[in-house]
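Working notes, beginning with the structure itself.
Being a predicted model, the structure only gives us computed values, none of them experimental. Atom set for the values below is all heavy atoms of this structure, side chains included, hydrogens, waters and symmetry mates excluded.
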Amino acid sequence: MSKSKKARLILEDGTEFEGYNFGGSDPVSGEVVFNTAMTGYPESLTDPSYKGQILVITYPLIGNYGVPDVDKENNLLKFFESEKIHVTGLVVSYYSFKYSHWNAMKSLDEWLKENDVPGIYGVDTRQITKVIRERGVMLGKIAVEGEPIPDEFVDPNKNNLVAEVSTKEIQTYGDGDIEIVLVDCGAKYNIIRSLTKRGARVIVVPWNHDFTQMNYDGLMLSNGPGNPEMCGATVENIKKAFEVGRPIFGICMGNQLLSIAAGATTYKLKYGHRSHNQPALMVGTNKAVITSQNHGYAVDTATLDPEWEPYFINLNDGTSEGIRHKTKPFCSVQFHPEATSGPVDTEFLFDQFIENVRNAK
């Protein structure tokens, strides 16, 4: 192992954390967010929802099981959430240069280098998380010794990140007896897996594609990065889908877009909802679920059309975690029922959606 160069994470309030570089060494800037998962860094790094973000992982040991093989199942990479890394940079407490796992094909360091994604290790990631939680949304830079420091703090949310990560062409997966159109706003592969294993044929379309001209049994609105207000074309298509009347289910960004189409407004959260342990309550019940989340915007349910109602609420801060129509099979959630790695408390929502689709058909 060669000696690592020093590297710094510089936050926009002037706070700096010094550690050592692994992976790529190019200077970068983006929104600093955190993740509390114990495992699942290959899935998180390839999650399109992290586009433009510098990911801080709070779990202290990262890299010990390497990076899995690029096996495919049903034309999807089996152990990843997309075809490439989407995070801008990675920050960990302790990086394990030695890895061991039956399915590992390379180290995390090698993988990051191949994708020109810089990493920092040897910093207190829990202290970084504490700073973010106390001071609110933070932009940051990663600077490696001997490399130039980025001139500005880049706010990725000023760009249409959904357009950057969405598919450019229509793709089909599975051969089930019901057809689900999946609007790709940055869809994780596990949404496709969750639908196909329940008997669906999934047609993935670009974020701005007019799917209302297609023949489908159900509509899925995917997760995705950034500001939902950038996706006006998707919102207009969703409004037309209300007239079609077939079942609709939205996840994360899909929840925000469905809500906007239903008359609601969204706003930027001071902190954002991150982590793998966000508690949410199903409205009208005593059922609480633990969820995985990564988003910086929320829905103001007070602005919803009267035909809609809250579906879940966040038990930490009372913000909206989903909406549903009072009489029609339209609903959405802000969290990730398809989360990999876990938790899987809300995977039953896919069963409900497929049941709604079959009943409607």
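Other residues sharing the hydrophobic cluster of Leu315, ordered by chain and number and joined by side-chain separations under 4.5 Å: Leu281, Val283, Ile313. Summarising the hydrophobic clusters (Ile, Leu, Val, Met, Phe, Trp, Tyr; side-chain heavy atoms under 4.5 Å, direct or chained), the residues clustered with Tyr267 are Leu269. Alongside Met230, the hydrophobic cluster contains no other residue (criterion: ILVMFWY side chains under 4.5 Å).
No donor-acceptor contact under 3.5 angstrom links the side chains of Asn255 and Tyr311, judged on distance only. Judged purely by distance below 3.5 Å, without hydrogens or angles, the side chains of Gln53 and Asn294 pair a donor atom with an acceptor atom. Residues His273 and Asp317 bring a donor and an acceptor atom of their side chains to less than 3.5 Å of each other. No side-chain N or O of Arg274 forms a donor-acceptor pair with one of Thr129 less than 3.5 Å apart. No side-chain N or O of Ser341 forms a donor-acceptor pair with one of Glu43 less than 3.5 Å apart. Under the 3.5 Å distance criterion, with hydrogens and angles disregarded, no donor-acceptor pair is assigned to the side chains of Asn190 and Thr340. In the model, Gln278 has a side-chain atom that pairs as donor or acceptor with a side-chain atom of Asn314 under 3.5 Å. A side-chain donor from one of Tyr189 and Glu83 sits under 3.5 Å from a side-chain acceptor of the other. For the residue pair Ser4/Tyr121, the side-chain donor-acceptor check at 3.5 Å is satisfied.
Proximity of a side-chain donor or acceptor of Thr58 to a complementary backbone N or O of Arg126 within less than 3.5 Å is not detected. The main-chain N or O of Ile192 is found under 3.5 Å from a side-chain atom of Thr196 such that the two form a donor-acceptor pair.
Two residues are said to be in side-chain contact when any heavy atoms from C-beta on lie closer than 4.5 Å; Val28 and Pro150 fail this criterion. In this structure the side chain of Met253 reaches within 4.5 angstrom of the side chain of Gln256, judged on heavy atoms.
Among the candidates Tyr65, Tyr50, Phe79, Tyr59, the single residue satisfying the ring-ring contact (aromatic ring centres under 6.0 Å, His included) test with Tyr41 is Tyr65.
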Start with the C-alpha distance between Trp111 and Tyr99, add both sets of side-chain angles, then the distance that settles ring pair (Phe, Tyr, Trp, His ring centres under 6.0 Å), and finish with yes or no.
CA-CA 13 Å; Trp111 191 39; Tyr99 65 91; over 10 Å; no
In sequence, state the C-alpha distance, the side-chain angles, and the governing distance for Tyr20 and Phe22, and then conclude on ring pair (Phe, Tyr, Trp, His ring centres under 6.0 Å).
CA-CA 7 Å; Tyr20 297 92; Phe22 72 108; over 10 Å; no
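Pairing each heavy atom of Asp184 with each of Thr167, the nearest pair is OD2-N, 2.8 Å.
Within a 6.0 Å radius of CG in Asn359, other residues, nucleotides and ligands contribute more than 12 heavy atoms.
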